Structure formats: structure tokens, C-alpha cells
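A short worksheet on the structure shown next.
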Amino acid sequence: MRRTIKWPNLYLIAVFIVLYAPILYLVYYSFNSGGTMREFEGWTLAWYREVFADTRLLIIVLNTLVIALLSAAISTMLGVVGALAIHQVRRRRRKNALLSLNNVLIVSPDVIIGASFLILFTIAGIQLGFSSVLLSHIAFSVPIVVLMVLPKLQEMSPTLVDAARDLGANRWNVLTKVTLPCIKPGIIAGFFMALTYSLDDFAVTFFVTGNGFLTLSVEIYSRARQGISLSINALSTLLFLFTMLLVVGYYLIDQRSGRPAGAEVRR
Amino acid sequence: MKSIVRLFVGVFAAAFALMYVTSLLNSSQGYTGGNTLTIYNWGDYIDPELITEFEEQSGLKVIYQTFDSNEAMMTKVAQGGTTFDVAIPSEYAISKMKEDDLLIPLDHDKLPNMKYIDERFMDLPFDPGNEYSIPYFWGTVGIVYNPDMLDGRKLTSWNDLWDERLRNQILLVDGAREVIGMGLNSLGYSLNDTNEEHLQEAKRKLAALTPNVKAIVGDEIKMLIAGEEAAVGVVWSGDAAEMMWENEKLDYVVPKEGSNLWFDNMVIPRTARNIDGAHAFINFMLDPEVAARNAEYVGYSTPNAAALELLPEEISGDERFYPDAVLTAKLEVYENLGKRMLAHYNDLFLEFKMHRK
């Protein structure tokens, strides 16, 4: 009995090794004093120093963060409103149609979304740069937020709303005192999903950047095309660590807010 | 509800704080106001010190952006919404941009340093009279090889590639005109040949090469050859120079049958805002001393005759990158063959790629 339990674990470990090996390989060589990815010659922090000494790169990192935070926040607001609206729809077919329209945006290739935004912005006369990137990031994040919030709304018992109305709450009170607190985990999850999507988006951003405005993934791409500088490794390592931090942060928030909410329902 | 509101207020506060820091950094770097010049160039294709020097000299602030293919660059320029003041496309892209009315004619009075450019590289078919463009760098297509992996043999001609001993040893660059051109050259035809019989002959000849071809690759060819994954590569001279920098064993040869001669030229795209600044920059880059330093940094061949004299003998005397007059006479510039012929070249190349070994 005991031995059979170990096989799944072994399989899991193998899968994780395959998934993480390339990243760890990249991280390992970011400390290489040799200058290439072929031979490891010695430990150095020179590549990290090079990254931090580069003001232009620092501006790009800040740009990326600003875009991620703003687009995540705005798309969460829009997404929550959208989810509430879809939830309100009574007729099943119409609801499914709306949901499918939402999901198509998630599964359609980034390249197509990026190209269509490029065409749209050009026709609309919007200068490529900060605003075009922000708008497109908001646009591709909204469907994700909707998808994260909607299950929470469906989980919520309709009787809660009825009870609140019974006790004299108006619509605004129901929304702010009952519905939103109930779906809070979904909102936060949606926010973090939107944040990570925006942080690592390449394809869409690649199409709609311009006029010197760059985000980190686009910059890494254009640097990697020129090949063989280990500062790319250092930069990627930092980005990887940052996303890890985000995941851990999300996990902690989820644990803290998740438990009492569940307890309340049980009571 | 309160905690959600607090979260969002926090996020917006953080975002605006970061935006403020960014704008501070931007202004400390001087990237504000109309005092800028945006340059759109290939990655790692200029000595960064020269940009700083130009900034000091002209009082302009340079925004430097890079592209990785002519097509990407043309799309960004064509669709507008950008403000590139100077771009550096290759010659076939220049003739296409000219056709599409994407370029602003140069004012030769503002470019006194133009006189330093070698006569051979002026007034070429893709831009008669240099109305729109000034050469930045030039180079060839040739064979880079690792003599150690070939038992010390030397390659001198395209036909050497068909040698049976090179089985599965050749990497080709992924370009239709380069590869089909190689086939045409090896048969003694012109790179710009449009004769259907000659093209079919070249295609059959290339099909015979497939057992020797290990892969057809993009930019990663530099790492693969320098890393000794394959012994032979068909590449542009500039890439070859970079590989030889990485791996000293490598050697480069321009095949004796002739090959392609290519140019990257400086142009002012339609999107330019600072046309005077753009002229100032082009003129600055044409200064012999500046051009010489740039050539030393980038490793491509400079078209600037006065700069060539300033370069150390080991660079300017290197016949692999500055071929003698006899070989130069055999080099050809790609002509714009028109859309249909180009599509035909692409089809032939595709058939070659799909050809089974």
C-alpha cells in the first residue's frame, strides 16, 4: 500500500523538474562570470549590477509596474460590474451567449488581439505609447476578471439577497454590504490574475507600443534577439522572483481572507 | 466592502507614486519636451558612446529604439502613431519604403560630411542620386566555417558546400533571397536572375544540397556556429564578424563566384518630427572619426572612405570584410524584382525547405 502512494509523488516531482529546469538553468547562468551560456566559469554579481546601473531599464520596469497595477485595478472594477450584469440575466440562452462572448476573448490568440488593437488605435488616431498599452491591457484583462468573479456570484445563495431586502436594505446596501463582501475572494483573485497577465504579456504589448514606451517583456525580447548577454538572465531572474513574490502574497491573502469567510457561511 | 475599497485606493496610490518616480527619472534623463531625437535602429548596431557624444554636441536628447527585422520596422513606420526621426533599413526595404511614400528626401546641403562616402557606394540602383538615403554600413553574404572541424580544409567557393564530406554540417540563414541567390551564384547566374529555367536549375541544385544541410535557422545561427554545433554557415558578414569575435577558430570567406552586397542606409521616415535634428545626426555619423569608431565597435564594413583610412590596418586590410576590387566587381546588390517575382522566390525557397533528404 505504501509503495503505490509514492508513485504519484515521483511523477509529480519529475513533472516539476521538467517545468522548472529551464528557469533554474537560466538563473544559474545569471551568476556566470564567463559571459556566455556555454561554460560556467565562476560566480559573479556583475550582471545584476549592470541591470541596476541602467536607468533606462529602471524606467522600463517602473512602466511595466504602473501599467500592471492600473490595468489590473481598472479591469477588476469593469469586470466585477460585468459579472454582476451577466449574473442578473435571467434567460439562460442569453446568459450563455454573453458568457461565450466573454470566453472567446480569453481563448483567441494574443497576436490577433494585438493586431486588431493596432489597427483600431491607428484608425482612432490614438498615439501609440502609454495610453494604448494601458487600454489594451485593460481590455484583455476584463474577461479574466469576469471569469474569476462569476463563480463566486453563483455560489452565493440568492436567499442572502432576499433576506437583506426583507430587512429593509436598498439596492446599494445589498450590493455593498452583502454581495461585494461575499464575492471578495473572487475579486481579489481576479485582480491578481489581471496583474500577472499584464506583467508578462508580450504579444499584445509588442503590437501597441511605440514612441519609446516599452515594457519589460518587449525589452527582454529585443535584447534576447541580439543574443548572448547574461544581463538578460539577471533581468529574467529578477522578474521570476517578483512573480514568485506575487504568488506567495496572493496565497497569504487568500488564506487570511478565505478562512473567516468560509466560517461565516458555515455559521 | 471597506477592505476592497482600501485595496483599490492603495493600488491607485502606488501606481501614481510609481508614475511620479518614472517622470522624475525621465526628466533627469532629459526625455522631455520637443528637444528629442528618436532613432530607430537594429539592435546593437551603434557604439553607445557616440550617442552620448552626439547629445553633448547637439544639445538634443536621443531616444534610441531597436527593431529586429526590416518588415517590423516598415510596419511601425507605415501605420503611424510613432515619431521616428532616423531609421536604418536595408536596401530592399528602402526601395519599398520609397514606393510606399514613407521617406522624406534628404537635404544634401545639410550633410557636408557626405563627401567622405566612397564613390562605389553612392548612387546605387535602389536609391539613385542618394535622394533618400546615405550608407551606414555594408557587407556581404558568405560562408563562415570552422577549419578545425573540417580537418583544416579551406572553403573558397559556393560549390565547396556540395562536398560529400560536409554531410549534415551546414546551417543556412532563413532568407529566400540569400539561399536562392546562393544556388544561382553557384551556377554562375546573377542573384537577380528572373529567367525561369535558371531558377529551376538553381532549385534542382539546391535540392542536391539538402543532405548537407543541418538546419535553416534565424538569428540563433550566431550562437550555434560559435558554439561549434555545426562546421559551416551561410551568413551575413556582420554576423560572421560577431561569431569570429566569440570563437577565434572561425574563418569567413566571400565565395569567388560572387555574392550579395548589401547596405544598411540611414533614412528619415515620414513620421519624423525633428527633421533638422535628423540631418544633424546623419551628418554626425558620417564624420570620419565617428564612423571609424562605430565600425570598430559594430564590426561591419564602413562605406566611409576617410574612416577606412583611420581604421587600424588589421581591420581595413582584412580582405574578408573589405574584399579587393576583383571580388567586389562580382558582388551584386539585390534589385527589387517586383511583388510577383519575389513571391516566386519565396515559393522556390519554401519548396527547398520542404524537400526531403
Side-chain angles (χ1 to χ4, degrees), chain A residues 35-38 55-56 58-63 65-74 76-77 80 118-119 121-122 125-130 132 175-181 183-184 187-188 191 195 206-214 219 221-229 253 257, chain B residues 1-5 7-26 28-29 31 36 38-40 42-45 62-69 72 75-84 218-223 226-228 239 242 246-247 271 273:
Chain A
T36 63
M37 293 257 285
R38 278 198 299 285
T55 332
R56 182 168 160 267
L58 210 61
I59 292 174
I60 291 171
V61 172
L62 289 174
N63 280 342
L65 288 176
V66 168
I67 288 283
L69 286 171
L70 281 182
S71 73
I74 296 172
T76 308
M77 291 176 186
V80 169
L118 180 60
I119 296 166
F121 289 144
T122 313
I126 296 173
Q127 273 246 331
L128 296 185
F130 176 77
S132 67
L175 181 69
T176 57
K177 296 223 163 88
V178 180
T179 313
L180 284 181
I183 61 169
K184 200 172 91 180
I187 296 176
I188 291 174
F191 174 77
L195 198 65
F206 183 68
F207 277 98
V208 295
T209 46
N211 294 317
F213 185 85
L214 284 170
E219 172 72 7
Y221 171 75
S222 59
R223 283 186 184 209
R225 287 286 301 217
Q226 303 153 25
I228 41 191
S229 164
I253 291 174
S257 66
Chain B
M1 179 67 190
K2 237 185 202 168
S3 59
I4 296 176
V5 173
L7 173 76
F8 278 88
V9 171
V11 167
F12 277 113
F16 286 117
L18 286 177
M19 267 168 99
Y20 179 67
V21 174
T22 317
S23 71
L24 277 187
L25 276 176
N26 266 329
S28 81
Q29 293 280 297
Y31 293 142
T36 58
T38 313
I39 293 166
Y40 202 29
W42 299 80
D44 208 16
Y45 206 33
V62 170
I63 300 173
Y64 189 71
Q65 278 195 275
T66 58
F67 57 85
D68 55 44
S69 74
T75 317
K76 285 258 167 166
V77 171
Q79 69 87 30
T82 51
T83 57
F84 301 121
D219 272 359
E220 61 273 28
I221 196 168
K222 284 190 260 182
M223 277 151 83
E228 308 196 344
D239 285 355
E242 253 176 79
E246 284 276 317
N247 187 337
T271 55
R273 292 261 176 86

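The shown structure was predicted, so the numbers you read here are calculated from the model rather than taken from an experiment. Protein chains get the first letters and strands the later ones, always in sequence-line order, with residue 1 at the start of each.
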With side chains defined as the heavy atoms from C-beta onward, is the minimum distance between Phe130(A) and Thr22(B) less than 4.5 Å? no
For Ser71(A), is it the side chain, the backbone, both or neither that has a heavy atom under 4.5 Å from a heavy atom of chain B? neither
Checked Thr179(A), Leu58(A), Leu118(A) vs chain B; the most non-hydrogen pairs under 4.5 Å come from Leu118(A)
Looking at Phe12(B), I want to see if its CZ is surrounded by more than 12 non-hydrogen atoms of other residues, nucleotides or ligands under 6.0 Å. yes
Measure distances from Ile187(A) to the heavy atoms of chain B and classify the residue's part below 4.5 Å as side chain, backbone, both or neither. side chain
The criterion is side chain to side chain contact (heavy atoms under 4.5 Å, CB included); which residues satisfy it with Ile39(B), sequence neighbours excluded? Leu37(B), Asn41(B), Val62(B), Tyr64(B), Val86(B), Phe281(B)
Does the side chain of Phe16(B) come within less than 4.5 Å of Val66(A)'s, by heavy atoms? no
